[in-house]
Protein chains: 2
Amino acid sequence: MDDLAFETALRELRADRVQGASQLARRCLDLLARSAESVPADTRAELIDELLRRCDCLIAARASMAPIENLLTSWKTALTALDGLPLPAWRSAAAGRARDGIRQSQLAVVKTAEHTAACIGADKCIITHSLSSTVLAVFEKLKARNIRVMVSESRPLNEGVILARQLAEWHIPCQLLTDAQLGLFAAQADLALLGADSLLPDGSLINKAGSYLLALAVHDSGVPLYVCCESFKRRKEGRADPELEEMDASELGAPNLPRVRPRNIYFDITPARLISRWIDETGVHAAGRLPV
Amino acid sequence: MDDLAFETALRELRADRVQGASQLARRCLDLLARSAESVPADTRAELIDELLRRCDCLIAARASMAPIENLLTSWKTALTALDGLPLPAWRSAAAGRARDGIRQSQLAVVKTAEHTAACIGADKCIITHSLSSTVLAVFEKLKARNIRVMVSESRPLNEGVILARQLAEWHIPCQLLTDAQLGLFAAQADLALLGADSLLPDGSLINKAGSYLLALAVHDSGVPLYVCCESFKRRKEGRADPELEEMDASELGAPNLPRVRPRNIYFDITPARLISRWIDETGVHAAGRLPV
């Protein structure tokens, strides 16, 4: 993985509108594993300098995505335990630690989905917004348990349609809504289920724009909202809240009009007070009891 | 206006997805004026029978739209005052009464917009959803008063883009949002402004799907919500709540998938408790004080 290949991967990471934060974090770890194996360096110190530089570039590329910062920071810490190794062995151990991080993240998704599926049980009507890989894993576990799903499109890129397509393959009956209809259908659900891009330290949810509207609508109807995500998505205490990423306005497909500014902010913040349960790989946490 | 022309007009009325309830009500009155002038009949009784039949067909065609029922019912009542007239004079008077109704409706929009503009004042940032002809009239009155507007697209047909285009012509700065971003931007507004398809007797609002989400979002941020519409849009006490119209699901442009049902309900209901002020041609009414 030379400089050019890394710069290309970095650009792709910045531009990615499809994969969620955990998937992107695993991609970053894979880039670092391959960098550890292949970056030219005469000494260990030289190699570490370049790897830490790449690590910081990856974190900064998607600063709003807590899993990238958390998993990469863990990897940086893990590197300090490798101090005694000669360069070739150090390369292979550093790559191994990055791949351990990938497996740890994948396992956390599996465990989170298991806890969430157990918490939901059978015969439920579930409303969700957009597409989350963790929510997808939950639906896969529930596919034989007589669930029905209502999912909104999630403009501008309509990731909800991708979810609907997967549900169709799993024979899970599904209603596909415009985002504007979330309020209409919220009261018909037994619960709302959302994944997370990140969680703020107080448990507030950063997720695809529209999540806050769904949260308000189910709250107004007394329908509980569950948020399922691995603990890697918790932002550390004491950090400033992340800036919410704004993407290319051309994605809206709006006409070019003078004095009209199309907006395309991808994420919104759902206050913790609207969330009934947080579910991660360690289990189910009731409102106000998210572990520190 | 023979039977065939009337049936065609009735079909167009049922299929209309662009015009608001008041515009459609005025179109109904125009159809009835032309019917009164031209429907073949040997006696006044025969003519009245046919006109009342057409009147009922028009009301039933868009049963959820209170202005159609209200303005056409007023016209039916006005006809009873014409009892003594010979057939040709009766035709012309009945047509005149229908056209009086059209003018009365237009005047009510103008007066409502005046009261609303006065209530809003200058230098405000206003968030709205979809397109309402009354809201449009308000913005025209405020165009030299340093307002800024945030408007959401309103999927599936994106009437919000039509509003943005008109605002651009009036040199009013505007931000165009996806419906999913309404929650993100609600807190930045000084007030939310919505028109109405209908008002329920308690003041609850039937309007384009997504209105309820905007109402929840501004309420959560302490931003007031004004609803402006002519009093003709109030549904009579004692009627069952109207069924919310569902349009052709193909408008969503979703792929055809087994067990996936795209939904396309056009309207939602915003509870009166989320509304700060109702404004009609008689003036401004504070929360809980909508005149009976």
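Below, chains carry the letters A, B, ... as their sequence lines are ordered, and counting in each starts from 1.
Here A/Q175 is the residue among A/Q175, A/H129, A/M150 with the most heavy-atom pairs under 4.5 Å with chain B. The most heavy-atom pairs under 4.5 Å with chain B, out of A/C174, A/G183, A/G210, come from A/C174. In terms of heavy-atom pairs under 4.5 angstrom with chain B, the leader among A/L274, A/N264, A/I269 is A/N264. Heavy-atom pairs under 4.5 Å with chain B were tallied for A/V151, A/L257, A/L244, A/V149; the largest tally goes to A/L257. Contact count against chain B (heavy-atom pairs under 4.5 Å) is highest for A/A168 among A/A249, A/P173, A/A168. For the set B/H219, B/K208, B/R165, the entry with the most heavy-atom pairs within less than 4.5 Å of chain A is B/R165. Taking B/V161, B/V260, B/N158 one by one and counting their heavy-atom pairs under 4.5 Å with chain A, the maximum is reached by B/V260. Contact count versus chain B (heavy atoms, under 4.5 Å) is highest, among A/L213, A/T270, A/D268, A/L182, for A/L213.
The structure places CG of B/D220 at 5.0 Å from CG of A/L216, a figure rounded to the nearest 0.5 Å. The distance from atom CZ of B/R261 to atom CG of A/L176, rounded to the nearest 0.5 Å, is 12.0 Å. If you take CD1 on A/I172 and CZ on B/R259, they are separated by 10.0 Å, rounding to the nearest 0.5 Å. To the nearest 0.5 angstrom, B/E153 atom CD is 4.0 Å from A/R155 atom CZ. Taken to the nearest 0.5 Å, the CG atom of B/D179 stands 11.5 Å off from the OG atom of A/S154.
Formation of a donor-acceptor pair under 3.5 Å by the A/Q181 side chain with backbone atoms of B/I265 is found in this model.
Using a 4.5 Å cut-off between heavy atoms, A/E169 makes no contact with chain B at all. With a 4.5 angstrom heavy-atom cutoff, A/Y266 does not touch chain B via any of its atoms. For A/L167, no part lies near chain B; criterion is any non-hydrogen pair under 4.5 Å. The contact between A/R273 and chain B is made entirely by side chain atoms (from C-beta outward), counting heavy-atom distances below 4.5 Å.
A/Y212 and B/S221 make their closest contact through OH-OG, 4.3 Å (heavy atoms, listed as atom of the first residue, atom of the second, distance).
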Exercise. Passes side chain to side chain contact (heavy atoms under 4.5 Å, CB included), A/L252 versus B/T178? Steps please.
Worked result: CA-CA 8 Å; A/L252 266 65; B/T178 56; 3.9 Å; yes
